[in-house]
Amino acid sequence: MSQSLPAPDADARAHSAKLEALIRSEIAGHGGAIPFSRFMELALYAPGLGYYSAGATKFGSAGDFVTSPELGPLFAACVADAMMPVLRQIGPQAQWLEIGAGSGAFAEVAIKRLLAQDAMPARYAILEPSADLRARQRERLREHLIPPVFDCVEWLDGPIDEEWQGVVFANEVVDALPTSRFVIGEDGEVHEEYVASYADGGFLITTHDADAMMVAAVKHVQDALDEPLPAGYRSEILPQLPYWVQAVIGRLKRGAMLFCDYGYPRREYYGAWRDNGTLRAFRQHHVVSDVMQYPGLQDITASVDFTALAEAGTNAGFDLAGYCTQASFLLGNGLEARLAEAEARAKDEAAMLRLRNEVKQLTLPDAMGERFQFIGFERDVEFEHAFLAGDLSWRL
């Protein structure tokens, strides 16, 4: 519960105050309010000050949240196994693109697994917008990979700009895209949430007329629902998602894309009971309802509309390969075998226990097993094998 969360220390508050001043300056320069999506972008990514751009630890027990790769080696090994047939279909020129590589934990395990199975791609590319995280990833991988393998890892400043073939993987990336927020007015019209600032510090939400792109995006959502969203209904929407997918994959000519995140199919995402959306913040493993408090010190996130992601992937020229829960995906791609191998290498009972706890966290419904889902896409390759266990594409 956020009530037990201690206040940040003086240095952290001073850091947050610098970012608040930057955001307040932008608000003033734009007539007194900016779209919520712009506030979120600055809070997370402002150079040197945003949550993902500054130097504090984000991932693991010492950070603010735990991602699946941070729990241990099993998640990344299963994803690598799922992607291997695609890499082999493509051949020696195959590349791997990881978007938003976090601490580098996923890349370390995945690369070792690919190497052990003689499926190492020609290049393992990482598209990471945060200079701080990029430095941490580089340090970790240099320490844990032998030099010839480390030399296959490359950090990109932008999407791969030449035609290429291979696979794209993103874990908990879409939830961190700066999202727009909308509210339905009394007459059914669509308004957009903006952020303004109080004279004595802090921020507040105001509403403005939505632009044509947002109105069209909300109408598209409502067309899929049984009845229109009621007056006062607030939620998130990513009109830019199709453009983002096409931008990050660059000129991917042949291959597969795989996304893992938390979220829902559209009918659940915009259910009548979820009338204030899914927006929240995380700080020190606590959920914080005030997402505008202490900018730069907490992660801001919104769940993923997987139907929107399915549309974005197919709009980019790919076929939907499958959609399933994290538990189904991992179990269908060798989790039990990877666990048995890891247990055989375990040095003591404590290590065995950690592995079993990892499996529980990854697969149990009340942990990550159903809250997180995988969605995959294919173009001129066969990737449907990765979703043979529990495909839920019909729910999209």
Checklist entry - Are any of the side-chain nitrogens in K112 or E108 under 4.0 Å away from the carboxylate oxygens of its partner? => result yes

Item to check | Test: R266 and E311 ion pair at under 4.0 Å | outcome: yes

Next on the checklist: Treating E20 as the side-chain partner and G202 as the backbone partner, does any N or O pair qualify as donor plus acceptor under 3.5 Å?
Outcome noted: yes

Item to check | R138 with E154: basic N within carboxylate O range, under 4.0 Å | outcome: no

Checklist entry - Of the non-hydrogen atoms in R13 and P8, which two are nearest, and what is the gap between them? => result NH1-O, 2.5 Å

Item to check | Between H220 and Q222, a side-chain donor and acceptor under 3.5 Å | outcome: no

Item to check | Hydrophobic cluster identity match, L396 and V221, side-chain contacts under 4.5 Å | outcome: no

Item to check | Side chain E358, main chain K360, donor-acceptor under 3.5 Å | outcome: no

Next on the checklist: With a 3.5 Å distance limit and no angle check, can you tell me whether H15 reaches the backbone of L49 through a side-chain donor-acceptor pair?
Outcome noted: yes

Next on the checklist: Can a side-chain donor-acceptor contact be found between S393 and D391 if the only test is distance below 3.5 angstrom?
Outcome noted: yes

Checklist entry - Is there a side-chain contact (heavy atoms from CB on, under 4.5 Å) between I90 and Q93 once you walk through the steps? => result CA-CA 7 Å; I90 293 171; Q93 73 271 36; 4.1 Å; yes

Checklist entry - Do D132 and Y52 get their side chains close enough for a donor-acceptor pair, meaning under 3.5 Å? => result no

Checklist entry - Looking at Y233, does the NZ or CZ of R274 lie under 6.0 angstrom from its six-membered ring centre and within 45 degrees of the ring axis? => result no

Item to check | Min side-chain heavy-atom separation W96-M83 under 4.5 Å | outcome: yes

Next on the checklist: Any non-hydrogen side-chain atom of V79 less than 4.5 Å from a side-chain atom of N333?
Outcome noted: no

Checklist entry - At their closest point, which heavy atom of Q95 faces which heavy atom of I160, and how far apart are they? => result OE1-CD1, 3.8 Å

Checklist entry - Below 4.0 angstrom, N of the basic side chain to O of the carboxylate: do E128 and R134 qualify? => result no

Checklist entry - Tell me, do M120 and I111 make a side-chain contact under 4.5 Å, heavy atoms counted? => result yes

Checklist entry - So, R136 and S130: side-chain donor and acceptor under 3.5 Å apart, yes or no? => result no

Next on the checklist: Is it true that Q137 and W155 share a donor-acceptor pair across their side chains at a distance under 3.5 Å?
Outcome noted: yes

Next on the checklist: Can you confirm whether E189 is buried at CD, in the sense that more than 12 heavy atoms of other residues, nucleotides or ligands lie under 6.0 Å from that atom?
Outcome noted: yes

Checklist entry - Can you hop from V168 to F387 via hydrophobic side chains spaced under 4.5 Å? => result no

Item to check | Closest heavy-atom pair and its distance - M257, G313 | outcome: CE-CA, 4.1 Å

Checklist entry - Given the rule in the side chain to side chain donor-acceptor pair (under 3.5 Å) test, do Y51 and Q298 qualify, once you have shown the distances and angles that lead to the verdict? => result CA-CA 6 Å; Y51 178 79; Q298 56 188 25; over 6 Å; no

Checklist entry - Would you find a donor on one side and an acceptor on the other, under 3.5 Å apart, between the side chain of E192 and the backbone of F36? => result no

Next on the checklist: Would you say L279 ends up clustered with Y270 if hydrophobic residues are merged whenever their side chains have heavy atoms under 4.5 Å apart, either directly or through other cluster members?
Outcome noted: no

Next on the checklist: If the threshold is 4.0 Å, N to carboxylate O, is there a salt bridge linking E162 and R251?
Outcome noted: no

Checklist entry - Does T314 use its side chain to pair, donor to acceptor, with the backbone of A310 at less than 3.5 Å? => result yes

Checklist entry - When you check the side-chain N and O atoms of S303 and Y269, is any donor under 3.5 Å from an acceptor? => result no

Item to check | Step-by-step side-chain contact (heavy atoms from CB on, under 4.5 Å) determination, F383 to D319 | outcome: CA-CA 10 Å; F383 189 41; D319 294 322; over 6 Å; no

Checklist entry - Under 30°, 30 to 60°, or over 60°: which ring-plane class applies to F75 and F374, parallel, tilted or perpendicular? => result tilted

Item to check | Steps toward side-chain contact (heavy atoms from CB on, under 4.5 Å) verdict (W244, L177) | outcome: CA-CA 9 Å; W244 178 83; L177 295 179; 3.5 Å; yes

Item to check | Main-chain N/O of V174 paired with D261 side-chain donor or acceptor, under 3.5 Å | outcome: yes

Item to check | 4.5 Å side-chain heavy-atom contact, L335 and L74 | outcome: yes

Checklist entry - Do I34 and Y45 belong together in a cluster built from hydrophobic side chains that touch within less than 4.5 Å? => result yes

Item to check | Basic-acidic side-chain contact under 4.0 Å: R234, E193 | outcome: yes

Next on the checklist: Can you tell whether the side chains of E41 and R38 come within less than 4.0 Å, N to carboxylate O?
Outcome noted: yes

Item to check | Centroid-centroid distance, F306 to Y323, less than 6.0 Å | outcome: yes

Item to check | Residue pair V359 / L355, side-chain heavy-atom distance below 4.5 Å | outcome: no

Item to check | Flag side-chain contact, heavy atom, 4.5 Å: S180 against E236 | outcome: no

Item to check | Electrostatic pair D226-R267, nearest N-O below 4.0 angstrom | outcome: yes

Next on the checklist: Take a 6.0 Å sphere around CD of E139 and say whether it holds more than 12 heavy atoms from other residues, nucleotides or ligands.
Outcome noted: no

Checklist entry - Any side-chain donor-acceptor pair under 3.5 Å between Q326 and T363? => result no

Checklist entry - Hey, is D290 close enough to R283 for a salt bridge, meaning N to O under 4.0 Å? => result no

Checklist entry - Are R113 and D81 within salt-bridge range, i.e. N to O under 4.0 Å? => result yes

Checklist entry - So do the side chains of F329 and L258 get within less than 4.5 Å of each other, counting heavy atoms only? => result yes

Checklist entry - For the hydrophobic clusters of this structure (ILVMFWY residues joined by side-chain heavy atoms under 4.5 Å, transitively), does one cluster hold both L71 and Y262? => result yes

Item to check | Atom CG of D9 with >12 non-hydrogen neighbours under 6.0 angstrom | outcome: yes

Checklist entry - So do the side chains of S16 and P295 get within less than 4.5 Å of each other, counting heavy atoms only? => result yes

Checklist entry - Can you say whether the rings of F169 and F106 are parallel (under 30°), tilted (30 to 60°) or perpendicular (over 60°)? => result parallel

Next on the checklist: Using side-chain contact (heavy atoms from CB on, under 4.5 Å), reason through R356 and E343 one step at a time and then give a plain yes or no.
Outcome noted: CA-CA 9 Å; R356 290 167 191 162; E343 285 183 329; 3.0 Å; yes

